[in-house]
Protein chains: 2
Amino acid sequence: MRTTVQDVARAAGVSVSTVSRALTGGSVSPATREAVVAVAHRLGYQPNRAARGLITGRTGNLGLIVPDLRNPFFADVAKGVTARARAVDCGVFISDTDEDPVAELEAIATLRHNTDGILLCSPRAKDAELLAAADPQNTVLLHRRVPGLSSVVADIVDGTRQAVQHLRALGHRRIAYVSGPEDSWATRQRLAGLATFDGDDLEILPIGSVAPTFDGGVLAGDLVLAAPATAVLAYNDLVAMGLLHRLAARGAVVPDRLSVVGYDDVSLAGMSHPPLTSVSVPKDRAGAIGLDLLLGRAGSMTAAQGAEVILPTTLVVRASSGEPPA
Amino acid sequence: MRTTVQDVARAAGVSVSTVSRALTGGSVSPATREAVVAVAHRLGYQPNRAARGLITGRTGNLGLIVPDLRNPFFADVAKGVTARARAVDCGVFISDTDEDPVAELEAIATLRHNTDGILLCSPRAKDAELLAAADPQNTVLLHRRVPGLSSVVADIVDGTRQAVQHLRALGHRRIAYVSGPEDSWATRQRLAGLATFDGDDLEILPIGSVAPTFDGGVLAGDLVLAAPATAVLAYNDLVAMGLLHRLAARGAVVPDRLSVVGYDDVSLAGMSHPPLTSVSVPKDRAGAIGLDLLLGRAGSMTAAQGAEVILPTTLVVRASSGEPPA
DNA sequence: TTGAAAGCGCTAACAA
DNA sequence: TTGTTAGCGCTTTCAA
């Protein structure tokens, strides 16, 4: 049988309420507290969070819902959340929905009643579904914005702009864009960034939508080579990696024949051949900030107030981008 | 205020115990059950798992402890666990210890009292520490074996043998081995596999230990080139990727000059340049089996009985291995 | 400062 | 088959 407050109280010769107070910071005499703490430690007492939560109404846990842990982007976000959670002694329920909007909604339904709040990362469900399923008071969206819910996002529009400006500065005038899932928030943000450019001295060539995966990038490779572009901006790093792979197979040297720029700057970006120029978005920081928002630790802002945090993006230049062919 | 059994009972005109029975599969008349279920659904009732756990002694949750979610190997394991957990309606507490043995032990201490069991993946702590911290009754080790605790591991010795045999069949006679963290279980297993070969017509050249990361592989690249080997076996895929990167930078063509074989077959392995030959270990399956063991769903075996599951490994041949230079 | 007692939401005896 | 009741381990009134 595990140690309970009862055991500690008996061993310390005080009442259970005194034990409780001593351990949670109530008013107890220093001597009593010291004694109780010592006994609790000696007995290896670990409070039952469930029982505590039952009465306080706070479980000390929160839920993190991600589409796919295997995607390094989400792994990074999860890392940021768990790191911060450990620092504030908060448990994290993880739910990997496998990119399934239905599983996502179910996870929200289960977790919202068994946690103090939910961190919903890049949800695939529609705005209306999310609004219906989530409690605005204790839900924070990560990397997605839905009116009526708190969110922490990166400045994707600006990031996209930085990427294009970088390519333009290098001399590129025709830039292909490989798009991700149509109708997704992230896709629309990227297009918004692109829209500020087309015209001028620059031409953006839409290559179409592919799955936001390595295979999607491979698929896009041939399409890009067939287009009159000297550079290509990919939906994300995974797509860019697939692109790199296919271009190499087709004998197109990067960046001599074609410059490639990715998005997200996941850890893989530095491992590709050549290393990938990419728009860096603060992934783990977004997770940590989301958690603070949920727990009301983010200074004046809280999730309940409908906070909208926008984090800056920065372009990380590596070897996959260079001057266009002469 | 959220809906409780009380609310459902009142609305359905029955007692709380009837509601409880109707919802958890006790003996109730079909008509009553139907009515209760309907009301519960209408009211959006979600049982409070904490309260339930308080009385049943089972929380319906388990803990998953991994060294680093950013490592694709652990992401895969986590994926296997969460997928299976979702199927059996079990919550998963995740804890990323950041490769810190102390954090690991702390996580065990916290989780063992607030979950039905712990899945401990590739722990970094010592055998004795783990034995002291964990409850053998409801702890399952993943990819690590400690006498006295249940475990699910891959047949690393055999996997290593397959890799070497593959290289020998290609004609290699001098194979470099880049080792991982000294004194780790995984490292010892690999060395055991290697030990069955040295001598014969084959020479294994130990290159030394590096961090099990991309950077570790980059570091090892030069060492490998300086050795008289025609092939190199890396501690894991991340190291192999770093190796590939450094070899390319040094102008050594893979596999013409040197064959490279990785370990784990993480998703990146297929994305490298050239695609990496790697020993595939069943990562997500290990996670799923571990969960079943913990929950007593793995047929006759349970964690409590000290189960030791060994999963087969298979070599996946890709383009990074070929015949040795003439 | 301390203790007694109530009760969080739920399930599991025990009766009816 | 159903309802009543007693807790699970904890915190928090309320008195002392």
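Everything quoted here is computed from the prediction, not taken from an experiment.
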Next on the checklist: Just checking B:R188: does its CZ atom have more than 12 heavy atoms from other residues, nucleotides or ligands closer to it than 6.0 angstrom?
Outcome noted: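 Yes, because the 6.0 Å sphere around CZ of B:R188 holds more than 12 heavy atoms from other groups.
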Next on the checklist: Quick check against the 3.5 Å criterion: does A:N114 have a side-chain atom that pairs as donor or acceptor with the backbone of A:T110?
Outcome noted: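 Between the backbone of A:T110 and the side chain of A:N114 there is a qualifying donor-acceptor contact (under 3.5 Å).
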Item to check | Any donor-acceptor pair under 3.5 Å from A:S151 side chain to A:V153 backbone | outcome: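 Here the side-chain-to-backbone pair does not exist.
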Next on the checklist: Taking side chain to side chain contact (heavy atoms under 4.5 Å, CB included) as the criterion, tell me which of B:N138, B:L111, B:V92, B:V140 meets it with B:L62.
Outcome noted: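 Going through B:N138, B:L111, B:V92, B:V140 one by one, the side chain to side chain contact (heavy atoms under 4.5 Å, CB included) with B:L62 is satisfied by B:V92 alone.
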Atom [atom1] of [X] and atom [atom2] of [N]: how far apart are they, to the nearest Å?
{"X": "B:D7", "N": "C:dC8", "atom1": "CG", "atom2": "P", "value": "12 Å"}
{"X": "A:H113", "N": "C:dC8", "atom1": "NE2", "atom2": "C1'", "value": "16 Å"}
{"X": "A:R52", "N": "C:dG9", "atom1": "CZ", "atom2": "P", "value": "18 Å"}
{"X": "A:Q6", "N": "D:dC8", "atom1": "CD", "atom2": "P", "value": "8 Å"}
{"X": "A:L54", "N": "C:dG7", "atom1": "CG", "atom2": "C1'", "value": "9 Å"}
{"X": "A:I55", "N": "D:dG7", "atom1": "CD1", "atom2": "C1'", "value": "14 Å"}

Item to check | Candidates A:R84, A:K79, A:R86 - the one meeting salt bridge (Lys or Arg N to Asp or Glu O under 4.0 Å) with B:D96 | outcome: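 Between B:D96 and the candidates, salt bridge (Lys or Arg N to Asp or Glu O under 4.0 Å) is satisfied uniquely by A:K79.
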Checklist entry - Once you build an axis from the first five pairs and another from the last five of the helix from C:dT1-D:dA16 to C:dA16-D:dT1, how far apart in angle are they, to 10 degrees? => result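 The value is 40°.
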Next on the checklist: If you only use heavy atoms from C-beta on, which nucleotide in D:dT12, C:dG3, D:dT2 is closest to the side chain of B:T32?
Outcome noted: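 Looking only at side-chain atoms, B:T32 lies closest to D:dT2.
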Item to check | Sub-4.0 Å heavy-atom contacts from residues 33-51 of chain A onto DNA chain D, ordered by number | outcome: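 A:Y45, A:P47, A:N48, A:A51 - these, ordered by number, are the residues of the stretch whose heavy atoms sit under 4.0 Å from the strand.
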Checklist entry - Using a heavy-atom distance cut-off of less than 4.0 Å, which residues of residues 15-23 of chain A contact DNA chain C? => result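 A:S15, A:S17, A:T18, A:R21, in order of number.
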Next on the checklist: Just by distance, no angles: are the side chains of A:S17 and A:S20 close enough, under 3.5 Å, to form a donor-acceptor pair?
Outcome noted: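 No, no side-chain donor-acceptor pair sits under 3.5 Å.
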Next on the checklist: Side chains of B:T115 and B:N61: any donor to acceptor distance under 3.5 Å?
Outcome noted: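 Checked: B:N61/B:T115 side chains show no N/O donor-acceptor pair below 3.5 Å.
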Rounded to the nearest 0.5 Å, how far does [atom2] of [Y] lie from [atom1] of [X]?
{"X": "B:L64", "Y": "B:L142", "atom1": "CG", "atom2": "CG", "value": "7.5 Å"}
{"X": "B:R124", "Y": "B:E99", "atom1": "CZ", "atom2": "CD", "value": "4.0 Å"}
{"X": "B:L119", "Y": "B:L141", "atom1": "CG", "atom2": "CG", "value": "9.5 Å"}

Item to check | Verdict with supporting geometry, A:L311 and A:D155, side-chain contact (heavy atoms from CB on, under 4.5 Å) | outcome: CA-CA 6 Å; A:L311 267 20; A:D155 194 342; over 6 Å; no
Next on the checklist: Tell me whether the side-chain N/O atoms of B:T24 come closer than 4.0 Å to OP1 or OP2 in C:dT11.
Outcome noted: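 Result: no.
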Next on the checklist: Please confirm whether the shortest side-chain N or O distance from A:S29 to OP1 or OP2 of C:dT2 is below 4.0 Å.
Outcome noted: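 So the side chain of A:S29 is within the cut-off, an N or O lying under 4.0 Å from OP1 or OP2 of C:dT2.
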